[in-house]
Amino acid sequence: MDFIHSQRNSGFTLIELVITIIVLGVLAATAIPRFINLRGDAKKAAVENFYGSLQETVNLLHMKAQIKNKLGSDITIETDYGDYQFYRGYPETKSEATTPNLYFIETFLALGTPDHVTKNNTTRAATYADVSVYEDNGHSRIGYGTGNLINNSCYAEYLHTSSTQVFTVKTDGC
């Protein structure tokens, strides 16, 4: 009996390698955009968390003002973070009850020591790693970008006026 022995090399053929490379290319083309967008998704989630923190902080401080029955105009209330200026029971974005003037996010969100601060008589801008803060006598914004953060459209805002408090979140630029 004659046995026919076939000798087969172990390894991949050129066709198998080409098909494998094509499949990996298709997988990479569909998966990489998802991973690239994770940074934007993370920024959006962080800004939405800032938004919630702003609202909760203002609500808690307003309750404190109500409990102390200090709901008038330009009232200074002692908080756990020191004296701070309130108007109608809501914390001002810039407290003029202190020297130097304090700002809302700087005082109540406890972000730590900023990497860089630009401050004058009317505004304060600070960076904490890649997070930026902008505050003036009406607006407190926290998010990603530069300057007053409006152009970057990736921020949460607390707007305090003599008649209202408005919370806004912008994430279309994240």
Side-chain angles (χ1 to χ4, degrees), residues 30-66 71 73-174:
T30 58
I32 287 175
R34 291 179 189 259
F35 288 117
I36 290 172
N37 199 27
L38 287 180
R39 184 173 174 96
D41 291 344
K43 284 182 177 181
K44 285 180 186 178
V47 167
E48 288 168 1
N49 284 332
F50 295 146
Y51 176 75
S53 294
L54 292 174
Q55 286 182 312
E56 286 301 313
T57 302
V58 168
N59 288 338
L60 289 171
L61 290 168
H62 182 65
M63 283 191 275
K64 184 171 189 151
Q66 287 176 318
L71 303 173
S73 302
D74 295 325
I75 302 287
T76 300
I77 298 177
E78 184 180 328
T79 71
D80 294 341
Y81 301 96
D83 291 347
Y84 201 83
Q85 184 177 357
F86 285 65
Y87 189 87
R88 292 181 300 99
Y90 291 96
E92 294 273 359
T93 54
K94 178 183 176 187
S95 175
E96 294 160 349
T98 56
T99 304
N101 299 150
L102 294 176
Y103 289 85
F104 178 77
I105 292 173
E106 172 185 37
T107 304
F108 296 109
L109 292 193
L111 297 173
T113 305
D115 298 330
H116 180 73
V117 176
T118 304
K119 193 173 182 178
N120 59 35
N121 290 336
T122 58
T123 64
R124 175 183 181 271
T127 56
Y128 301 83
D130 58 345
V131 173
S132 296
V133 171
Y134 171 82
E135 299 186 87
D136 60 25
N137 205 25
H139 304 84
S140 288
R141 294 186 193 106
I142 182 169
Y144 297 91
T146 58
N148 65 8
L149 300 178
I150 294 216
N151 292 335
N152 303 98
S153 293
C154 188
Y155 63 89
E157 176 182 60
Y158 166 49
L159 170 66
H160 178 69
T161 68
S162 61
S163 60
T164 188
Q165 297 70 233
V166 178
F167 298 91
T168 308
V169 63
K170 298 279 187 180
T171 59
D172 51 321
C174 295

Please answer whether the main-chain N or O of [Y] pairs with a side-chain N or O of [X] as donor and acceptor at a distance below 3.5 Å.
X: Ser73; Y: Tyr87; answer: no
X: Asn120; Y: Thr122; answer: yes
X: Thr161; Y: Thr164; answer: yes

> Any idea which heavy atoms bring Val117 and Ala126 closest together, and the distance?
Replying inline: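 Between these two residues, the closest heavy atoms are CG2-CB, 4.1 Å.
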
> Which atom names give the shortest non-hydrogen contact between Leu102 and Asp83, and what distance separates them?
Replying inline: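 That would be CD1-O, 4.3 Å.
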
>> If the condition is ring-ring contact (aromatic ring centres under 6.0 Å, His included), which residues does Tyr84 pass it with, not counting sequence neighbours?
In response: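 Tyr84 satisfies ring-ring contact (aromatic ring centres under 6.0 Å, His included) with Phe108 only.
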
Quick one: does [X]'s side chain get under 4.5 Å of [Y]'s, heavy atoms only?
X: Val133; Y: Phe50; answer: no
X: Lys94; Y: Glu106; answer: no
X: Tyr144; Y: Val131; answer: yes
X: Asn137; Y: Glu96; answer: yes
X: His139; Y: Tyr158; answer: no

Distance (rounded to the nearest 0.5 Å) between [X] [atom1] and [Y] [atom2]:
X: Asp80; Y: Thr107; atom1: CG; atom2: OG1; answer: 12.5 Å
X: Cys154; Y: Asp172; atom1: SG; atom2: CG; answer: 8.5 Å
X: Tyr134; Y: Leu149; atom1: OH; atom2: CG; answer: 9.5 Å
X: Phe104; Y: His160; atom1: CZ; atom2: NE2; answer: 10.5 Å
X: Leu111; Y: Ile142; atom1: CG; atom2: CD1; answer: 4.5 Å
X: Tyr81; Y: Ser95; atom1: OH; atom2: OG; answer: 15.0 Å

>> Under the criterion side-chain contact (heavy atoms from CB on, under 4.5 Å), I'd like the reasoning laid out for Ile105 against Tyr128: C-alpha separation, chi angles, the key distance, then a yes or no.
In response: CA-CA 12 Å; Ile105 292 173; Tyr128 301 83; 5.9 Å; no

Side-chain polar contacts of residues 53-66 - donor-acceptor pairs under 3.5 angstrom, sequence neighbours left out - could you list them?
unit_1	atom_1	unit_2	atom_2	d
Ser53	OG	Asn49	O	3.1
Gln55	NE2	Tyr51	OH	3.4
Thr57	OG1	Ser53	O	2.7
Asn59	ND2	Gln55	O	3.2
His62	ND1	Gly89	O	2.8
His62	NE2	Gln66	NE2	3.3
His62	NE2	Tyr90	OH	3.4

>> Listing request: all salt bridge (charged side-chain N to carboxylate O under 4.0 Å, His left out) pairs with a residue in residues 126-144, at least two apart in sequence or in separate chains.
In response: Arg124-Glu135, Arg141-Glu157

>> Quick one, Leu159 with Thr168, criterion side-chain contact (heavy atoms from CB on, under 4.5 Å). Give me CA distance, side-chain angles, the key distance, then yes/no.
In response: CA-CA 8 Å; Leu159 170 66; Thr168 308; 5.9 Å; no

> Has Lys170 got its NZ or CZ under 6.0 Å from the middle of the six-membered ring of Tyr155, at an angle within 45 degrees of the ring axis?
Replying inline: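 Relative to the ring axis of Tyr155, which defines the angle, Lys170 lies outside at least one limit.
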
> Of Asp74, Thr76, Thr93, Thr98, which is the lone residue that meets side-chain hydrogen bond (donor to acceptor under 3.5 Å, both in side chains) with Gln85?
Replying inline: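 Only one option passes, and that is Asp74.
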
